[in-house]
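Accompanying notes for the structure given below.
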Amino acid sequence: MKAKAFENELTYRYYEETDDVEAFHEAYEDAVETVRAELGETHDLLIDGERVATDAHFEVTSPGDQTLTVGEFAAGDADDIDDAVRAASAVADEWEGFDVADRVAIFRDAAATMRDRKFELAATISLENGKNRTEAMADVDEAIDFLEFYSRECERSNGYDFDTGEPTPGQHTRNLLRPYGVFGVIAPFNFPMAIFVGMTAGALLTGNTVVAKPAESTPLIAETCMAIMQDAGLPDGVLNFVTGDGPNAGQPLVEHEDVAGVVFTGSREVGLSIRETFSEQGKHGPVIAELGGKNPVIVSDAADVDAAVEGVMKGAFSFSGQKCSATSRVYVHEGVYDEFTEALVDETEALVVGPATERETFVSPVISDAALERYESITERAAADGTVRTGGAVRTEGDLEDGRFVEPTVVTDVPHEHDLARDEHFLPFVTVHPIADLDEGIRKSNDSEYGLCAGLFSEDDAEIDRWFDEIESGMCYANRSQSATTGALVQAQPFGGWKYSGTTGKFAGGYWYLQQFMREQTQTRVE
Ligand SMILES: NC(=O)c1ccc[n+]([C@@H]2O[C@H](COP(=O)([O-])OP(=O)(O)OC[C@H]3O[C@@H](n4cnc5c(N)ncnc54)[C@H](O)[C@@H]3O)[C@@H](O)[C@H]2O)c1
Ligand SMILES: N[C@@H](CCC=O)C(=O)O
């Protein structure tokens, strides 16, 4: 059955197709200047529609230039979380009672505002989390797509409310999905707009109220999006916003007795600990968690090697590998291993490492000092236990001096069983391994606790069919030179993982996502 067409927001592609790429760059660069001039403010929480100041604050600086203060943000704690959850509980019945058309209208209005302000939003993302301009705009586009797609799905299903008829005379029946109550939304830094907006809208459109906590390194774009949704007409208390860190704001949110469900995207460790907490507390509501990946790509001897090199390079190094979907291990048929590896090294060495806002930059900064230290540690181990074919150094020259810049790194000669090829590093770091045949590639690809994204390069249809059948992965891409494993589009490529890459087996941006935020009820009235 064919799904109803959905038009994705594809901003950069639109400018390319209309032969007006220069206009894209000018609009973005103007927006960077405007946003930069407004950075450095102090930001409060939002609870019950009111701005709430805290005594303690934390500073966020730009990863590409740590002398640039993005802002001072309220350090929310357990008391703030309690106030926010109480506010969300107080309006839960009222919000559930909203007509689905009225809820949808609010989120469509928010999508329209984001569309109008997309260059400002992309510039904010670049300055706050270090994404280059095309990656930042893709983040904005995906947020708009989530709002439009989830709105369409709520409308199409009449808010998941069905008149199930009169099965026997006099029994009038209705089957519907109803919200759980208050949802905690806990977001990661790496898609600070799309994932924050997508999870928040998922919970709210389905009639839950929300307390949202963004990642501590990206509160500004989250606050901007929260304000857009609030201004689009959300009643006070329906969406509450608490900035702060994991232990002091995230953990109390998860543990709060009136929080019925949590939607989380982030590391496996934190996601599983949230599920554990729910289980220990005897909570019955859902923990919808999208977690990490260790995404394999197979390059067969029947591959277009140039396409494979391009796909792996983009999959591994876009946004400096800080994507759960990043290509991180490549299994290459020994017949094309040398050709592939040498070309990958050449292409990687041609990539520009630089500030996110520079036009030529491909490899932008990494998010934190911890990420920088992790890079130093894994590249040292790669040099000791294998061969660093290119990369391996922290870059500090010229205008990179005040940022956290590292070289994209290609490593060979570490065994498939090595930690470097098994653990998620979330950095521009890829290992390449020779294989004898597709069997070995599939076996090694599947030999992982993760199952998020996978790629195959082969011109042989029988190999592709077999790989689709046998690969243990949520997202499977064959011959995708635009990126071997990253860059899913809402509706056509719903995003999620198997095994430890997710807790529910249902994917964001897909047809079975929203139902997770609701529980079923059957009503029978005898007249
Ligand atoms: N599968 C997906 O769709 C997907 C998408 C994006 C990122 N990710 C994963 O996210 C990770 C990177 O993001 P990150 O570094 O922001 O992840 P993280 O787990 O460190 O943090 C995510 C969020 O959890 C909060 N948090 C931390 N400790 C907490 C606790 N004890 N209780 C409650 N909340 C807590 C953080 O403050 C942050 O808001 C990677 O593992 C990546 O693979 C997965
Ligand atoms: N949805 C994004 C990844 C989100 C996680 O980091 C992609 O498809 O690349």
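Counting convention: from 1, in listed order, for ligands and their atoms alike. Note that the structure is a prediction, hence the values are computed from the model and not measured.
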Can you say whether the rings of [X] and [Y] are parallel (under 30°), tilted (30 to 60°) or perpendicular (over 60°)?
X	Y	value
His425	Phe429	perpendicular
Phe24	Tyr28	parallel
Phe58	Phe73	tilted

Would you call [X] and [Y] a salt bridge, using N to O less than 4.0 angstrom?
X	Y	value
Glu407	Arg395	yes
Asp258	Arg86	no
Arg51	Glu223	yes
Glu148	Arg152	no
Lys118	Glu9	yes
Asp423	Lys294	no

**Q.** Of the listed options Pro252, Ser267, Gly496, closest to atom 18 (P) of ligand 1 (non-hydrogen atoms)
**A.**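 Closest candidate by heavy-atom distance is Ser267.
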Which ligand 1 atoms are under 4.0 Å away from a heavy-atom of [X]?
X	value
Ile195	5 (C), 6 (C)
Gly250	32 (N), 33 (C), 34 (N)
Phe495	2 (C), 3 (O)
Asn190	6 (C), 7 (C)

Q. Measuring to protein heavy atoms, does anything land under 4.0 Å from atom 1 (N) of ligand 1?
A. yes
For [X], is at least one N or O under 3.5 Å away from an N or O on ligand 2?
X	answer
Phe495	no
Ala488	yes
Ile195	no
Thr485	no

**Q.** Proximity of Thr486 to ligand 2 by residue part, where a heavy atom lies under 4.0 Å
**A.** both
So is there a nitrogen or oxygen of [X] less than 3.5 Å from a nitrogen or oxygen in ligand 1?
X	result
Gly266	yes
Gln251	yes
Glu424	yes
Lys213	yes
Ile186	no
Glu216	yes
Phe191	no

Q: For atom 4 (C) of ligand 2, grab the closest protein heavy atom and report residue, atom and distance to one decimal in Å.
A: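 Going by distance alone, atom 4 (C) of ligand 2 is nearest to Cys324 SG, 3.3 Å.
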Q: Would you mind checking which non-hydrogen protein atom is closest to atom 3 (C) of ligand 2, with the distance to 0.1 Å?
A: Ser325 OG, 3.4 Å
Q.
Using a 4.0 Å cutoff against the non-hydrogen atoms of Phe191, which atoms of ligand 2 qualify?
A.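 By the 4.0 Å cutoff, the relevant atoms are 2 (C), 3 (C), 4 (C), 5 (C), 6 (O).
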Going by heavy atoms, is [X] under 4.0 Å from ligand 1?
X	result
Pro214	yes
Ala187	yes
Ala215	yes
Phe426	yes

(Q) Can you confirm whether the side chains of Ser448 and Asn446 place a donor and an acceptor under 3.5 Å from each other? (A)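 No, because no side-chain N or O of Ser448 sits under 3.5 Å from a partner of the opposite role on Asn446.
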(Q) I want to know whether Phe149 and Phe6 have ring centres closer than 6.0 Å. (A)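 Yes, they do, as the ring centres are separated by less than 6.0 Å.
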Q.
Are Tyr511 and Phe507 an aromatic pair, judged by ring center distance below 6.0 Å?
A. no
Q) Would one find more than 12 heavy atoms of other residues, nucleotides or ligands at under 6.0 Å from atom CZ of Arg13? A) no
Q: Please collect all side chain to side chain donor-acceptor pair (under 3.5 Å) contacts where either partner lies in residues 321-330, sequence neighbours excluded, each pair once.
A: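 Only Glu135-Lys323, Ser318-Lys323, Thr327-Thr485, Arg329-Tyr331 qualify under side chain to side chain donor-acceptor pair (under 3.5 Å).
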